[in-house]
Amino acid sequence: MPLYKPTANAIARAATIIRAGGIVAFPTETVYGLGANAFDEEGVKKIFKAKGRPQDNPVIVHIADEKDLLRVAGDIPHVAKKLIAKFWPGPLTLILPRNKNIPSIVSAGLDTVAVRMPDHAVAQALIKESGVPIAAPSANKSGRPSPTDASHVAHDFGAKLFILDGGKTNIGLESTVVDCTVSPPIILRRGGVTLEELRRVVKNIRTVGGGKIARAKSPGMKYRHYAPEAPLVIVPGVGPRLLRAVAALLQTSRARRIGILATDEHLPLYMRLHDARTITLSLGSRRNMKACARRLFALLRKFDTLNVELIIAESVPEHGIGAAMMDRLRRASTSPDSHY
Ligand code: TXA
Ligand code: MG
């Protein structure tokens with residue numbers, strides 16, 4: 001396995017690869033990234049190729065020092081400065097006017113650029129050692145659940161990729177993306193920083209959900225994403241109502257193995273289903289949604305290894321990190337309203 005513990009030596013090797021125009025995978029506090037020198041068009045092309053990523057889906061540029069912001073962006077609006085002061089380093093990506101040093105391919109031809117400063121010692125050390133900002137999407141094959149463990153990256157890319165192994169990521173969902181080039185700013189993607197936290201700093205910030213505006217503004221939003229191999233169906237409700245909905249789905253399904261993505265509180269209910277086809281995996285207790293979020297992508301990948309033919313997922317309350325979890329589940333799902 002091409003996994004390297006993030007020693008000073010391994011980070012120096014990874015930085016050498018980046019400077020030479022290559023790509024490496026590295027941990028951040030959200031998910032693993034697949035990085036290249038953000039100034040190097042040929043390097044960034046390799047990311048798109050390795051991921052099988054559509055050319056019209058721009059990538060995020062990662063910096064480790066606020067001083068580097070002006071190397072990648074310009075005309076920083078006041079509201080962006082406020083968000084940076086509060087949330088960087090951390091899981092918040094800002095859309096800003098692009099500095100022309102950043103090749104157009106990074107932004108998929110847009111005149112904006114997405115920038116974030118990860119809150120992870122290995123990511124920061126790699127960026128500093130490379131001496132350049134690092135362009136990096138999540139380190140998964142396009143359309144797959146984002147990697148929250150080095151083994152997920154190795155599974156998607158195999159033996160050729162240099163992977164810094166920082167263990168499991170802490171947040172487990174991607175950064176929140178906020179467009180600061182419009183007033184008031186718009187949340188283009190829910191993520192590690194919640195709407196409630198953002199509203200405390202920018203009262204009039206807007207959300208656009210997964211609707212048309214978000215799809216037009218953030219090209220990545222239009223693709224089916226985060227998807228396990230089996231079709232995924234989200235079931236609303238809790239308690240007996242949830243159980244009835246799951247039982248109804250089981251009755252009509254011809255799948256030979258069925259995964260149930262559950263929470264601890266409902267495990268006793270599923271015992272009553274008596275359906276030998278089901279395999280139930282729990283995200284954890286609903287009282288700790290952050291811990292549930294951390295496990296979401298890993299469990300979606302786990303269902304792949306168990307060869308389930310259908311995944312039935314509980315829904316979670318759409319506040320705090322739960323809003324980002326539901327966004328990811330909808331994008332992974334096959335219901336008509338979320339199938340772009
Ligand atoms: O937490 C994260 O954000 C992780 C880690 C590695 O930093 N990265 C990540 O990258 O999730 P990616 O490429 O999987 O998602 C980037 C999102 C996409 O939805 C993309 O369309 C959007 O950011 N994006 C990037 N540049 C943009 C731009 N200039 N304007 C609008 N949306 C942009
Ligand atoms: Mg991604």
Side-chain angles (χ1 to χ4, degrees), residues 27 29-32 91 138 140 144-152 155 167-176 189-196 225-247 249-250 255 257-273 275 277-335 338:
E29 79 280 31
T30 56
V31 301
Y32 277 73
S138 50
N140 51 278
R144 300 269 301 142
S146 294
T148 54
D149 191 83
S151 64
H152 301 159
H155 177 272
K168 287 190 173 51
T169 60
N170 185 38
I171 294 177
L173 297 179
E174 303 82 351
S175 61
T176 303
R189 179 177 74 180
R190 298 299 188 91
V193 175
T194 64
L195 172 64
E196 294 83 351
H225 251 167
Y226 318 110
E229 274 152 29
L232 181 147
V233 176
I234 305 169
V235 177
V238 291
R241 192 175 146 232
L242 169 70
L243 190 68
R244 279 196 300 276
V246 171
L249 272 171
L250 291 178
R257 271 173 172 239
I258 300 172
I260 298 180
L261 185 63
T263 49
D264 286 355
E265 283 76 359
H266 288 125
L267 291 176
L269 279 180
Y270 295 124
M271 308 271 274
R272 290 195 227 145
L273 287 171
D275 187 322
R277 299 172 300 166
T278 61
I279 304 168
T280 306
L281 298 179
S282 178
L283 292 165
S285 168
R286 287 177 170 253
R287 281 171 303 183
N288 189 351
M289 266 311 148
K290 280 190 175 171
C292 291
R294 201 176 288 147
R295 291 189 200 105
L296 177 63
F297 287 143
L299 291 194
L300 292 180
R301 282 177 178 262
K302 177 85 181 168
F303 281 127
D304 286 343
T305 69
L306 296 170
N307 299 316
V308 301
E309 293 172 354
L310 172 69
I311 298 171
I312 300 174
E314 289 182 13
S315 44
V316 298
E318 291 198 53
H319 49 74
I321 196 73
M325 292 175 72
M326 284 305 290
D327 169 80
R328 302 307 186 268
L329 283 173
R330 287 200 186 99
R331 277 173 221 287
S333 83
T334 37
S335 60
S338 55

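Keep in mind that what you see is a predicted model, and the values were worked out from it rather than measured. Side chains are part of it too, since the values below use all heavy atoms of this structure and drop only hydrogens, waters and symmetry mates.
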Under the rule for side-chain hydrogen bond (donor to acceptor under 3.5 Å, both in side chains), what residues qualify as partners of T278, not counting sequence neighbours? none
Which residues satisfy the side-chain hydrogen bond (donor to acceptor under 3.5 Å, both in side chains) test with S315, sequence neighbours excluded? none
Nearest heavy-atom pair of P145 and A227: which atoms, and what distance? CD-O, 3.2 Å
Between D304 and A230, the two heavy atoms sitting closest are OD1-N, 4.2 Å
Under 4.0 Å between a Lys/Arg side-chain N and an Asp/Glu carboxylate O for E174 and R190? no
side-chain hydrogen bond (donor to acceptor under 3.5 Å, both in side chains) with T169: which residues, sequence neighbours excluded? none
If the condition is salt bridge (Lys or Arg N to Asp or Glu O under 4.0 Å), which residues does E309 pass it with, not counting sequence neighbours? R256
Residues in side-chain contact (heavy atoms from CB on, under 4.5 Å) contact with L249, at least two apart in sequence or another chain: V233, V235, I312
With side chain to side chain contact (heavy atoms under 4.5 Å, CB included) as the test, would you mind laying out the steps for V238 and H266 before giving the verdict? CA-CA 8 Å; V238 291; H266 288 125; 3.7 Å; yes
Passes side chain to side chain contact (heavy atoms under 4.5 Å, CB included), R144 versus H152? Steps please. CA-CA 10 Å; R144 300 269 301 142; H152 301 159; over 6 Å; no
Across all chains, not counting sequence neighbours, the salt bridge (Lys or Arg N to Asp or Glu O under 4.0 Å) partners of R301 are D156
Given S146, which of V31, L173, L300 fulfils the side-chain contact (heavy atoms from CB on, under 4.5 Å) condition? V31
Could you go through E196 and H319, starting from their C-alpha distance and side-chain angles, then the distance that decides it, and tell me whether this counts as side-chain hydrogen bond (donor to acceptor under 3.5 Å, both in side chains)? CA-CA 8 Å; E196 294 83 351; H319 49 74; 5.2 Å; no
Any residue meeting side-chain hydrogen bond (donor to acceptor under 3.5 Å, both in side chains) with N170, in chain and number order, not counting sequence neighbours: none
List for me each residue that meets side-chain contact (heavy atoms from CB on, under 4.5 Å) alongside N307, sequence neighbours excluded, and say none if there are none. none
Excluding sequence neighbours, so at least two apart, what forms ring pair (Phe, Tyr, Trp, His ring centres under 6.0 Å) with F297? Y226
Qualifying residues under salt bridge (Lys or Arg N to Asp or Glu O under 4.0 Å), relative to D264, sequence neighbours excluded: none
The criterion is side-chain contact (heavy atoms from CB on, under 4.5 Å); which residues satisfy it with T280, sequence neighbours excluded? I260, A262, L267, Y270
Of all the heavy-atom pairs spanning G191 and R328, show the shortest one and how long it is. CA-NH2, 3.9 Å
Partners of A291 by side-chain contact (heavy atoms from CB on, under 4.5 Å), sequence neighbours excluded? N288, R294, R295
Taking all heavy atoms of P147 and all of N140, pick out the closest pair and write down the distance. CD-OD1, 3.6 Å
